[in-house]
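Below, read A as the first sequence line, B as the second, and so on, with proteins coming before strands; counting in each chain starts at 1.
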2 protein chains.
Amino acid sequence: MTSEALGKCLGANPVVVRRTMGLLREAGLVSAERGHSGGWRISADLKTVNLRQLHAALGEPAIFAIGNRNETPECLVEQAVNAALDKAFLEAEALLLDRFADVTLADLAADFARRHAERRATRE
Amino acid sequence: MTSEALGKCLGANPVVVRRTMGLLREAGLVSAERGHSGGWRISADLKTVNLRQLHAALGEPAIFAIGNRNETPECLVEQAVNAALDKAFLEAEALLLDRFADVTLADLAADFARRHAERRATRE
DNA sequence: CTTCATGTAACTACATATGTTACAATTTGA
DNA sequence: TCAAATTGTAACATATGTAGTTACATGAAG
């Protein structure tokens, strides 16, 4: 699949697609071929690759939009708040990453197949 | 405590402090007085106010920095991915908000007191 | 050898959060 | 009564990060 086709599916720019897919390529999850009939191809086992690996391959982007204003504050009040928040955030992050690890590309493919069959059935 | 003093503690601008504290005032958690010897004052019971209420009072800012690119995609692959991610995010969000609800201002005050005593002991 | 792709650098555009300025409104105290 | 201190708020400026765009080099296929 070309970057242009992927971009259309995602509503994104082909160059942005290449940027992101490049990270997956560096992680060995996809390969790219140039030229005529080139494009992207999955080069990993759907059953073993999970969402947590994708998150890691994409550079482990920050999960939370909120968080400590200052990691090492002098203010003792802020330190107490940070400690309380850190505990909660660490637990939530661990849970989220565990859930990510539970979902493989094969699971997504199966869910896609189910949706595809359902759409065809609905159209009749 | 004045916005200026709070701003210094937080390393933030007094107007930004007023903006944020204003939300807490609307939620009835603090009150403000103008003029000489004015400033902010907590107007709620430390034992009953918890971090989840603060999150709500501040307008329930988005918790996650990552998430679906498009909530209602036509693409069935994207739909399958969204469904998998939504499940994981909802669980993690529920856990985080539960943990927030567990922490009261009184808990923070107690932790502050502990840190304060510890700092004094270390200085001797 | 032309066409179609990726690879990548450089730049632009946009959204969001924060900071800043300015000033009105209010309260206190001399 | 008046000056100083403080919040309330609008308007504008700045910074940051993400996505988009342009441009062009590189490589592969027919």
Result for 5'-nearest mapping on DNA chain D, choosing between Met1(B) and Val15(A), is Met1(B)
Residue pairs meeting salt bridge (Lys or Arg N to Asp or Glu O under 4.0 Å), one or both in residues 59-86 of chain B, sequence neighbours left out, come to none
Applied to residues 98-108 of chain A, the side-chain hydrogen bond (donor to acceptor under 3.5 Å, both in side chains) test, sequence neighbours excluded, yields Arg99(A)-Glu91(B), Thr104(A)-Asp107(A)
Those residues at least two apart in sequence (or on a different chain) that pass side chain to side chain contact (heavy atoms under 4.5 Å, CB included) with Ala113(B) are none
Taken to the nearest whole Å, CZ/Arg41(B) to P/dT7(D) is 12 Å
ask   = Is there a donor in the side chain of Trp40(B) and an acceptor in the side chain of Thr2(B), or the other way round, less than 3.5 Å apart?
value = no
Ordered by number, residues from residues 54-61 of chain A within less than 4.0 Å of DNA chain C (heavy atoms) are none
Residues passing the ring-ring contact (aromatic ring centres under 6.0 Å, His included) test with His36(B), sequence neighbours excluded, are none
When rounded to whole Å, the NZ to P distance for the pair Lys8(B) and dT6(D) reads 11 Å
Please tell me if the side chains of His55(A) and Ile63(A) come closer than 4.5 Å, counting only heavy atoms from C-beta onward. yes
Taken to the nearest whole Å, CG/Leu10(B) to P/dT18(C) is 12 Å
Presence of Asn13(B) side-chain N/O under 4.0 Å of dT20(C) phosphate oxygens OP1/OP2: yes
Whether each nucleotide of nucleotides 25-30 of chain C has a protein heavy atom under 4.0 Å at its base (B), only at its sugar-phosphate (S) or at neither (-) is summarised, 5' to 3', as BBBB--
Whole-Å distance, Glu4(A) CD to dT6(C) C1', equals 12 Å
Lys8(A) meets the side chain to side chain contact (heavy atoms under 4.5 Å, CB included) criterion, sequence neighbours left out, with none
Connected to Leu95(A), directly or through other members, by ILVMFWY side-chain contacts below 4.5 Å are Leu95(B)
When rounded to whole Å, the CG to C1' distance for the pair Leu6(B) and dG19(C) reads 17 Å
Touch check for Gly7(B), heavy atoms < 4.0 angstrom, all strands: base, sugar-phosphate only, or nothing?
nothing
Sorted by chain and number, sequence neighbours left out, side chain to side chain donor-acceptor pair (under 3.5 Å) with Glu118(A) holds for Arg114(A)
The complete set of ring-ring contact (aromatic ring centres under 6.0 Å, His included) pairs with one or both residues in residues 64-84 of chain B, sequence neighbours excluded, reads Phe64(A)-Phe64(B), Phe64(B)-Phe89(B)
So, with a heavy-atom separation below 4.0 Å from DNA chain D, the residues of residues 17-24 of chain B are Arg18(B), Arg19(B)
So the ring-ring contact (aromatic ring centres under 6.0 Å, His included) pairs with at least one residue in residues 103-124 of chain A (sequence neighbours excluded) are Phe112(A)-His116(A)
Would one find a side-chain N or O of Ser3(A) under 4.0 angstrom from OP1 or OP2 of dT6(C)?
-> yes
